[in-house]
Undergrad: 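Sharing a structure below in structure tokens format, with a few things to ask.
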Amino acid sequence: MEYQNVYSAYQKNNVGTASQGRLVVLLYEGAIKQLTAALALFDENDKLKAKNIEKFGIHLQKAQAIITELEVSLDMEKGGDISKNLMSLYLYFNEEIADVIGSHNKTKIQFVVKMLNELVSSWRIIANKTNSPEPIVKNSLNIVG
């Protein structure tokens with residue numbers, strides 16, 4: 001079996017057996033991975049070469065899709081202020097990424113990655129302490145990525 005097939009099978013098993021909290025962590029990690037890949041396309045002068053612009057946009061669009069999944073996974077009825085605050089952050093992140101698609105502003109991507117890293121640290125603690133981060137997250141999450 002090819003490496004890619006083994007990795008794909010591992011990922012499906014990882015997602016299929018994960019708790020709600022772990023799924024949230026996987027989503028954060030996916031968004032961070034996509035944004036980091038976009039950052040890696042900048043040259044030493046913090047510019048994007050024309051040949052990398054399409055890849056750059058794809059990475060940013062994948063990150064937006066993941067953040068949107070985090071948005072729709074919030075349980076706004078039960079989550080109270082925490083869900084409202086997370087929703088505001090997710091909307092802000094997607095607005096910043098949308099701006100970066102056209103502006104190629106590396107600093108904005110770095111800021112979103114920094115914030116996502118801080119949030120995922122908290123989610124890792126939550127995921128390790130409980131099986132489900134109720135009532136913040138609905139009982140159905142989809143991994144995008």
Undergrad: Kindly give the heavy-atom pair with the smallest separation between N117 and S121, and that separation in Å.
TA: O-OG, 3.0 Å
Undergrad: Is the backbone N or O of L74 less than 3.5 Å from a side-chain atom of S83, with the two atoms forming a donor-acceptor pair by type?
TA: no
Undergrad: Atom CD1 of I66 and atom CG of L70: how far apart are they, to the nearest 0.5 Å?
TA: 8.0 Å
Undergrad: Who passes side-chain contact (heavy atoms from CB on, under 4.5 Å) against D46, sequence neighbours left out?
TA: K106
Undergrad: Given V100, which partner from the list L35, T107, L60, V112 fulfils the side chain to side chain contact (heavy atoms under 4.5 Å, CB included) test?
TA: L60
Undergrad: So Q64 and I101, side chain to side chain contact (heavy atoms under 4.5 Å, CB included) or not? Walk me through it.
TA: CA-CA 11 Å; Q64 283 184 304; I101 290 172; 3.6 Å; yes
Undergrad: Between N45 and K47, is there a donor-acceptor pair closer than 3.5 Å when you use the side chain of the first and the backbone of the second?
TA: no
Undergrad: Would you check if L116 and E29 make a side-chain contact, meaning some heavy-atom pair closer than 4.5 Å?
TA: no
Undergrad: If I compare all heavy atoms of A63 with all of A31, which pair ends up nearest, and what's the gap?
TA: CB-O, 4.1 Å
Undergrad: How far apart are the closest heavy atoms of A127 and G21, and which atoms are they?
TA: CB-C, 3.6 Å
Undergrad: Please name all residues satisfying ring-ring contact (aromatic ring centres under 6.0 Å, His included) with F42, sequence neighbours left out, ordered by chain then number.
TA: F56
Undergrad: Looking at D99 and K108, is any side-chain nitrogen of the basic one under 4.0 Å from a carboxylate oxygen of the acidic one?
TA: yes
Undergrad: Whether the side chain of N85 engages the backbone of D81 through a donor-acceptor N/O pair (distance < 3.5 Å, no angle test) should be reported.
TA: yes
Undergrad: What's the spacing between R22 CZ and W123 CH2 if we round to 0.5 Å?
TA: 13.5 Å
Undergrad: In terms of hydrophobic clustering (I, L, V, M, F, W, Y; side-chain heavy atoms under 4.5 Å; direct or indirect links), are I58 and L27 co-clustered?
TA: no
Undergrad: Is I126 close to K129 at the side-chain level, that is, under 4.5 Å between some pair of heavy atoms?
TA: no
Undergrad: Quick one, H104 with I53, criterion side chain to side chain contact (heavy atoms under 4.5 Å, CB included). Give me CA distance, side-chain angles, the key distance, then yes/no.
TA: CA-CA 9 Å; H104 304 164; I53 291 175; 4.1 Å; yes
Undergrad: Can you give each donor-acceptor pair under 3.5 Å made by side-chain atoms of residues 88-96, sequence neighbours left out, with the distance rounded to 0.1 Å?
TA:
{"from": "S88", "atom 1": "OG", "to": "K84", "atom 2": "O", "distance (Å)": "3.2"}
{"from": "Y90", "atom 1": "OH", "to": "Y28", "atom 2": "OH", "distance (Å)": "2.5"}
{"from": "N94", "atom 1": "ND2", "to": "T68", "atom 2": "OG1", "distance (Å)": "3.1"}
{"from": "N94", "atom 1": "ND2", "to": "E71", "atom 2": "OE2", "distance (Å)": "3.2"}

Undergrad: Got a second to check how far Q34's CD is from I97's CD1, nearest 0.5 Å?
TA: 10.5 Å
Undergrad: CD of E77: more than 12 outside heavy atoms within 6.0 angstrom?
TA: no
Undergrad: Drop me the distance from L119's CG to R124's CZ, to the nearest 0.5 angstrom.
TA: 11.0 Å
